[in-house]
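Data first, discussion second: the structure below is written as structure tokens.
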Amino acid sequence: MPKFPDEGLMRKVTSRLAKLALDISALDGSRWRALTLQSLRELSEEMGLPLKDLERQALMEGMLPLRYIRNVGTLGLEGQLRLLNSKVAVFGLGGLGGLVVELLARLGVGKLVMVDGDIFSEDNLNRQILSAPQYIGMGKVEVAAQRVIAINPATELYPFQIMAKEDDMKGLIEDCDVVVDALDNIPSRFDLQRACASRKLPLVHGAIAGFIGQVMTIFPGDLGIEMIYQGASERGIEIATGNPATTPAMVASLQVQEVVKIITGIGEPLRHRLLFIDTENNIYEIIDMR
Amino acid sequence: MRSPEEDTNDTFEAMVEVKLFATIRKVAGEKGFKTEASNVQEVLEEIYRKYGPEIRSEMAYCTILVNGRNIAHLRGKRTRLKEGDVISFFPPLAGG
């Protein structure tokens with residue numbers, strides 16, 4: 001719920017939003033009362049209220065921030081509001097996590113926890129969407145924060161430049177709705193699953209190697225990571241295959257899709273099912289893992 | 001077409017489907033095969049026989065599922081197989 005200190009202020013905000021809203025037609029002819037980013041920014045500055053709170057109040061009153069008009073046909077106002085009210089934690093900001101935060105910010109997730117202790121290096125440039133030559137040596141978390149603010153200034157950010165262990169993870173995800181596993185080693189993935197289980201949070205797992213990738217959504221109590229990696233060492237075959245750009249983009253997109261499903265209730269998450277992708281051999285197989 | 005009676009008679013050979021994925025499939029040169037192996041160890045031995053020593057390094061640390069369950073949660077390599085079971089071999093992927 002909006003954190004307005006009193007109902008009078010809330011009514012005032014609603015009234016101002018209603019006056020600023022424009023009649024806009026979507027491509028299918030549906031009509032919307034929509035608010036431009038500029039008008040929301042000006043109102044935010046004038047009233048000293050966070051942009052996110054204004055967007056949320058608008059959605060609750062049936063008005064649409066214009067930036068989401070191409071979301072609404074699929075997500076609806078209710079889905080958009082659920083995303084805005086949600087908090088998602090992303091562990092790892094490399095090939096998977098960089099694109100995951102980009103897409104979550106564009107979709108309109110309200111709060112993003114971003115965790116990675118690493119800095120950008122030249123060998124990231126082949127695939128990591130947030131990397132660029134001018135960022136080499138900079139913390140991935142810092143660059144990700146800049147990127148998210150540039151994309152969607154309403155997003156509340158919780159950046160942590162640390163190599164998180166299980167106990168850190170438990171603290172970082174405390175009031176989240178969903179957690180994304182975009183990590184790059186097996187022991188950390190076990191840590192994250194245990195942290196999520198202890199907080200009773202769903203975890204969206206993704207992993208890549210060469211032209212191969214996998215995605216699975218793990219709910220508290222599911223064996224999940226144990227079913228996939230039991231008996232494995234610290235790293236997988238990616239140490240030999242490397243990671244060209246297309247696989248992380250596909251797997252990250254599918255992970256974000258899982259997050260959207262969990263938060264909005266639209267569709268059915270890949271629970272107890274591992275989606276295995278091998279683009280070299282055109283395999284897109286869902287394996288039951290109960 | 002077999003009749004149900006034929007399917008249950010003594011001469012029917014139990015067939016298990018072996019599925020190979022990713023780099024394991026690449027070295028094997030095929031998607032998998034059918035076998036009459038009665039446990040996981042026998043399937044592994046058959047894989048080594050069929051595909052030669054090169055497959056061994058691909059099989060190290062691979063995930064083995066019997067009907068979607070990791071054999072670590074069953075009886076390991078002694079896990080028994082029966083008619084219609086599917087045994088899948090995956091290499092671990094952990095890149096992010």
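We name chains A, B, ... by the order of the sequence lines, and we start the count at 1 in each one. All values below were derived from every heavy atom in this structure, side-chain atoms included, with hydrogens, water molecules and symmetry-related copies excluded.
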### Query
Which pair of non-hydrogen atoms, one from A/Ala209 and one from B/Leu93, has the smallest distance, and what is that distance?
CB-CD2, 4.0 Å
### Query
In Å and rounded to the nearest 0.5 Å, what is the CZ to OG1 distance from A/Phe211 to B/Thr23?
13.5 Å
### Message
Can you tell me which of A/Ser233, A/Gly92, A/Ala182, A/Gly94 forms the most heavy-atom pairs within a distance under 4.5 Å of chain B?
### Response
A/Ser233
### Query
Out of A/Gln128, A/His272, A/Gln214, A/His205, which one racks up the most heavy-atom pairs below 4.5 Å with chain B?
A/Gln214
## Note on the structure
d(B/Phe90 CZ, A/Leu274 CG) to nearest 0.5 Å is 6.0 Å
### Task
Count the heavy-atom pairs under 4.5 Å between each of A/Pro248, A/Gly206, A/Gly95 and chain B, then report the option with the highest count.
A/Gly95
### Summary
Bottom line for A/Asn243: the part with an atom under 4.5 Å from chain B's heavy atoms is side chain
### Query
Non-hydrogen atoms of chain B under 4.5 Å away: do they reach the side chain of A/Ile239, the backbone, both or neither?
neither
### Query
Where on A/Glu226 is there a heavy atom nearer than 4.5 Å to chain B: the side chain, the backbone, both, or neither?
both
### Task
Quick one: closest heavy-atom pair of B/His73 and A/Leu223, and the distance?
CE1-CD2, 3.8 Å
### Message
Between A/Leu93 and chain B, with a heavy-atom cut-off of 4.5 Å, which part of the residue counts as in contact: side chain, backbone, both or neither?
### Response
neither
### Over 12 foreign heavy atoms within 6.0 Å of CD, B/Glu54
no
### Message
Under 4.5 Å from any heavy atom of chain B, what part of A/Arg273 do you find: side chain, backbone, both or neither?
### Response
neither
### Crowding at CD, A/Gln134 (>12 non-hydrogen neighbours, <6.0 Å)
yes
### Query
By a 4.5 Å heavy-atom criterion (distance strictly below it), what part of A/Asp278 contacts chain B: side chain, backbone, both, or neither?
side chain
### Query
Do the non-hydrogen side-chain atoms of A/Ile287 and B/Lys19 ever get within less than 4.5 Å of each other?
no
### Task
Working to the nearest 0.5 Å, report the span between CE of A/Met289 and CG of B/Asn67.
12.0 Å
### Message
To the nearest 0.5 Å, what is the distance between CD on A/Gln230 and CD1 on B/Ile64?
### Response
12.5 Å
### Query
How long is the gap from CG on A/Asp288 to OG on B/Ser88, to the nearest 0.5 Å?
10.5 Å
### Query
Got more than 12 heavy atoms from elsewhere within 6.0 Å of NZ, B/Lys77?
no
### Query
Looking at B/Ala22, B/Ala72, B/Ala60, B/Cys62, which makes the most heavy-atom pairs under 4.5 Å with chain A?
B/Ala22
### Query
Which pair of heavy atoms, one from B/Ala94 and one from A/Tyr229, lies closest together, and at what distance?
CA-OH, 3.9 Å
### Query
Which bit of B/Lys31 is near chain A, if near means a heavy-atom gap under 4.5 Å: side chain, backbone, both or neither?
neither
## Note on the structure
Ranking A/Leu96, A/Ile237, A/Val251 by heavy-atom pairs under 4.5 Å to chain B gives rank one to A/Ile237
### Message
Working to the nearest 0.5 angstrom, can you tell me the gap between B/Tyr61 OH and A/Ile186 CD1?
### Response
10.0 Å
## Note on the structure
Heavy-atom nearest pair, A/Met227 first then B/Arg69, reads CE-CA, 3.4 Å
### Message
So for A/Ile208, is it side chain, backbone, both, or neither that comes closer than 4.5 Å to the heavy atoms of chain B?
### Response
both
### Query
Can you name the closest pair of heavy atoms from A/Ile228 and B/Thr63 and give their distance?
O-OG1, 2.6 Å
